[in-house]
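See structure below.
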Amino acid sequence: MSLTLHNTKTRTKEPFEPGDPSRVTMYVCGPTVYSRPHIGNARPALVFDVLFRLLRSLYGAEHVVYARNITDIDDKINAAAKESGRPIGDITDEFADIYRADLNALGVLPPTIEPHATAHIDEIIAMIEALISSGHAYEAEGHALFSVSAFADYGKFSNRIRDDMIAGARVDVAPYKKDPADFVLWKPSSDDLPGWDSPWGRGRPGWHIECSAMIEKHLGETIDIHGGGHDLIFPHHENEIAQSRCSHDGAELARVWMHNGFLTMDKDKMSKSTGNIVTVHELSQDHAGETIRFAMLSAHYRQPLDWSDDLLAQAKSTLDRIYGTLDKLCRVDAADDAKPSEAFLAALCDDMNTPKAMAELSALCKAANTTTSDEERALVKGQLLTAGAVLGLLQGDPSSWLKGGTSDDDAEIDALVEARTAARANKDFAESDRIRDELAARNITLEDGPDGTKWRRDC
RNA sequence: GGCCGAGUGGCAGAGUGGUGAUGCAGCGGACUGCAAAUCCGUGUACGUCGGUUCGAUUCCGGCCUCGGCCUCCA
């Protein structure tokens with residue numbers, strides 16, 4: 001199955017061809033750790049988790065190297081530290097842990113490498129020094145600045161014309177800049193801010209340089225896939241490209257650039273600065289991580305997605321149906337050589353068309369529920385489970401899913417169900433219906449089937 | 001102003017130059033003691049105005065509306 005991916009660089013879908021199929025490299029811009037991640041922050045992590053799983057299944061788990069960074073030096077972190085009076089390291093550690101825990105709850109696999117910016121100061125300084133000595137950057141008043149005029153392709157990636165940007169007057173026109181579009185590689189730190197000694201004095205790295213330095217160190221000069229949110233195309237990725245290519249004799253930084261679309265709430269961009277957010281933590285209080293994951297993947301990753309309670313409710317209903325099907329197959333062993341169906345893989349390999357892939361899941365459910373062949377049931381069960389694994393879904397115990405996990409009153413419910421079964425055996429339908437009504441009042445729904453009565457918790 | 005992207009049936013959301021994905025919800029039926037689940041059936045959907053075409057939701061152009069980036073931002 002050949003993989004096709006949309007490349008931001010060319011704005012088209014292209015066949016994916018890694019430089020080395022035995023070492024497929026992917027880098028995704030991770031979080032700046034100073035607050036809890038909101039569900040919008042989780043989209044790239046989730047989307048590229050699916051790509052990570054897909055690449056592992058296509059090239060072999062040992063042949064994919066996925067790096068997602070942690071930015072632990074940043075002015076917002078400094079501000080949070082000052083406000084709370086806590087040491088910066090405390091804050092970055094706490095929120096990095098929360099980030100990992102929140103993503104874990106959504107079924108996101110840990111990346112192969114999780115580089116921290118502060119652990120790569122030497123590499124950052126070395127890259128800046130090289131850029132200065134090659135004439136692509138310069139020092140000014142304790143800063144190191146990248147000279148955009150030294151990179152002829154600057155602006156090509158994000159399709160931006162320099163004069164328009166400067167005319168916008170929103171770039172920081174600092175007096176020490178040779179050109180208003182030049183951006184900071186290194187900036188001085190006052191004594192109360194974290195800083196490292198450098199050839200340009202005590203200071204800290206600019207925003208973009210950490211990614212260039214960490215990619216070079218862990219993945220190489222040219223990587224296969226670079227991902228992130230749509231808003232990072234400019235300036236972040238444009239600047240990364242400038243730094244890295246000028247450090248590497250013009251070698252391209254990434255063969256494929258992928259950018260996920262944004263989440264909205266009530267049609268407005270979800271953004272920390274506007275407060276229009278819901279955190280992963282909050283969502284996880286009321287919804288299973290798998291429901292949240294399913295909801296996120298129900299739209300194509302490049303499309304905008306309006307996040308709402310209704311979206312989550314629909315995701316839950318659909319998952320209930322699939323798990324209900326799997327529950328009916330509980331006595332069937334999945335086929336030994338199980339693998340996802342061709343149609344499912346074809347959908348995912350078409351630029352990660354998760355909605356279409358999920359439609360295939362429904363087709364499999366229908367097949368399972370209509371066939372009379374045990375052989376086909378085994379086949380379909382295997383296809384459902386292996387397809388689910390690529391999406392990071394459906395790996396839970398179906399019965400447990402339907403019951404909403406384990407609860408203190410499970411035994412009591414089981415007892416009532418047994419009592420009802422006894423009543424039904426005696427044709428005492430008044431009593432059996434009374435028990436069912438009693439359970440219904442507690443959001444318990446019963447299903448009488450060939451394997452006896454099953455129950456599930458609706459919420 | 002420049003640059004992106006989007007407008008699909010009650011909702012979500014794929015896709016395609018010509019037989020109306022898929023899920024949720026609704027309706028009818030089968031099944032069931034009755035339900036539930038499941039299955040079967042059921043919807044004259046593609047912002048708008050033109051153009052190309054035998055034929056356009058799908059291609060081209062104009063327009064309208066909405067969102068994003070151009071400053072930190074997933």
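Chain identifiers are assigned alphabetically (A, B, ...) following the order of the sequence lines, protein sequences preceding nucleic acid strands; residue numbering begins at 1 within each chain. Any value given below was found using the heavy atoms of this structure, including those in side chains, with hydrogens, waters and symmetry copies removed.
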Contact class for [X] (heavy atom, under 4.0 Å): base, sugar-phosphate, or nothing?
X        : answer
A:His38  : base
A:Ser432 : base
A:Met270 : base

Where [X] and [Y] come nearest, the two heavy atoms and their spacing:
X        : Y        : answer
A:Ala387 : A:Phe344 : O-CZ, 3.3 Å
A:Gly227 : A:His237 : O-CE1, 4.1 Å
A:Asp327 : A:Lys454 : OD2-CD, 3.2 Å
A:Arg53  : A:Leu391 : CD-C, 4.4 Å

- request: Inspect the surroundings of CD in A:Gln395 and state if more than 12 heavy atoms from other residues, nucleotides or ligands are less than 6.0 Å away.
  value: yes
task: Mark yes when over 12 heavy atoms from residues, nucleotides or ligands other than A:Gln285 sit less than 6.0 Å from its CD; otherwise mark no.
output: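 Yes, CD of A:Gln285 has more than 12 neighbouring heavy atoms, counting only those of other groups under 6.0 Å.
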For atom [atom1] of [X] and atom [atom2] of [N], their distance in whole Å:
X        : N     : atom1 : atom2 : answer
A:Phe234 : B:G2  : CZ    : P     : 17 Å
A:Trp307 : B:G67 : CH2   : C1'   : 19 Å
A:Ile277 : B:A74 : CD1   : C1'   : 12 Å
A:Glu360 : B:A14 : CD    : P     : 15 Å
A:Lys316 : B:A25 : NZ    : P     : 11 Å
A:Asp433 : B:U32 : CG    : C1'   : 12 Å
A:Met358 : B:G15 : CE    : P     : 14 Å
A:Asn260 : B:G68 : CG    : P     : 16 Å

With a 4.5 Å heavy-atom cut-off, do [X] and [Y] have their side chains touching?
X        : Y        : value
A:Arg456 : A:Lys403 : no
A:Phe157 : A:Thr8   : yes
A:Thr92  : A:Ile77  : yes
A:Phe16  : A:Leu55  : yes

field: Side chain A:Asn353 and base B:G15 donor-acceptor under 3.5 Å
entry: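 Checked by distance alone, the answer is no.
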field: Check: A:Arg43 side chain, B:A74 base, donor-acceptor under 3.5 Å
entry: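 When only heavy-atom distances are counted, A:Arg43 does not reach the base of B:A74 through any donor-acceptor pair under 3.5 Å.
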Distance between the [atom1] atoms of [N] and [M], in whole angstroms?
N     : M     : atom1 : result
B:U32 : B:A74 : C1'   : 50 Å
B:G2  : B:U58 : P     : 26 Å
B:G23 : B:U19 : C1'   : 22 Å
B:C24 : B:G33 : P     : 26 Å
B:U65 : B:G15 : C1'   : 24 Å
B:C46 : B:A21 : P     : 14 Å
B:C49 : B:G43 : P     : 26 Å
B:C3  : B:U42 : P     : 48 Å

Would you say the side-chain atoms of [X] pair up with the backbone N or O of [Y], donor to acceptor, closer than 3.5 Å?
X        : Y        : answer
A:Thr325 : A:Arg321 : yes
A:Asp49  : A:Leu109 : yes
A:Thr291 : A:Lys316 : no
A:Thr371 : A:Ala367 : no

query: ring-ring contact (aromatic ring centres under 6.0 Å, His included): which pairs involve residues 276-327 of chain A, sequence neighbours left out?
result: A:Tyr323-A:Trp401
- line: Each nucleotide of nucleotides 36-42 of chain B classed B (base within 4.0 Å of a protein heavy atom), S (only sugar-phosphate) or -, in 5' to 3' order, makes BSSSS--
query: If the sugar-phosphate is the primed atoms plus P, OP1 and OP2 and the base is the rest, what is the B/S/- string for nucleotides 3-12 of chain B, using protein heavy atoms under 4.0 Å?
result: SS-S----BS
field: Watson-Crick and G-U pairing of RNA chain B written in dot-bracket, each distance under 3.5 angstrom, with | for inter-strand partners
entry: (((((((..(((.....[...))).(((((.......)))))....(((((..]....))))))))))))....
query: Closer to the 5' end of RNA chain B via nearest nucleotide, is it A:Ala313 or A:Ile39?
result: A:Ala313
field: Along RNA chain B (nearest heavy atom to each residue), the more 5'-positioned of A:Ser362 and A:His300
entry: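 That would be A:His300.
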query: In terms of side-chain heavy atoms of A:Pro235, which of B:G23, B:C70, B:U22 is nearest?
result: B:C70
- prompt: From B:G33, B:A74, B:G13, pick the nucleotide closest to the side chain of A:Arg420?
  reply: B:G33
- prompt: Is it true that A:His208 and A:Phe183 have ring centroids separated by less than 6.0 Å?
  reply: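 So the answer is yes for these two rings.
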field: Within the 6.0 Å centroid threshold, strictly below: A:His143 and A:Trp186
entry: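 No; A:Trp186 has its ring centre 6.0 Å or more from that of A:His143.
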task: List in numerical order all residues of residues 101-118 of chain A for which some heavy atom is under 4.0 Å away from an atom belonging to RNA chain B.
output: none
message: Tell me which residues in residues 372-396 of chain A lie within less than 4.0 Å of RNA chain B, going by non-hydrogen atoms.
response: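 Those residues: none at all.
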task: Walk me through it: do A:His259 and A:His6 pass the test ring-ring contact (aromatic ring centres under 6.0 Å, His included)?
output: CA-CA 9 Å; A:His259 293 93; A:His6 179 91; 9.2 Å; no
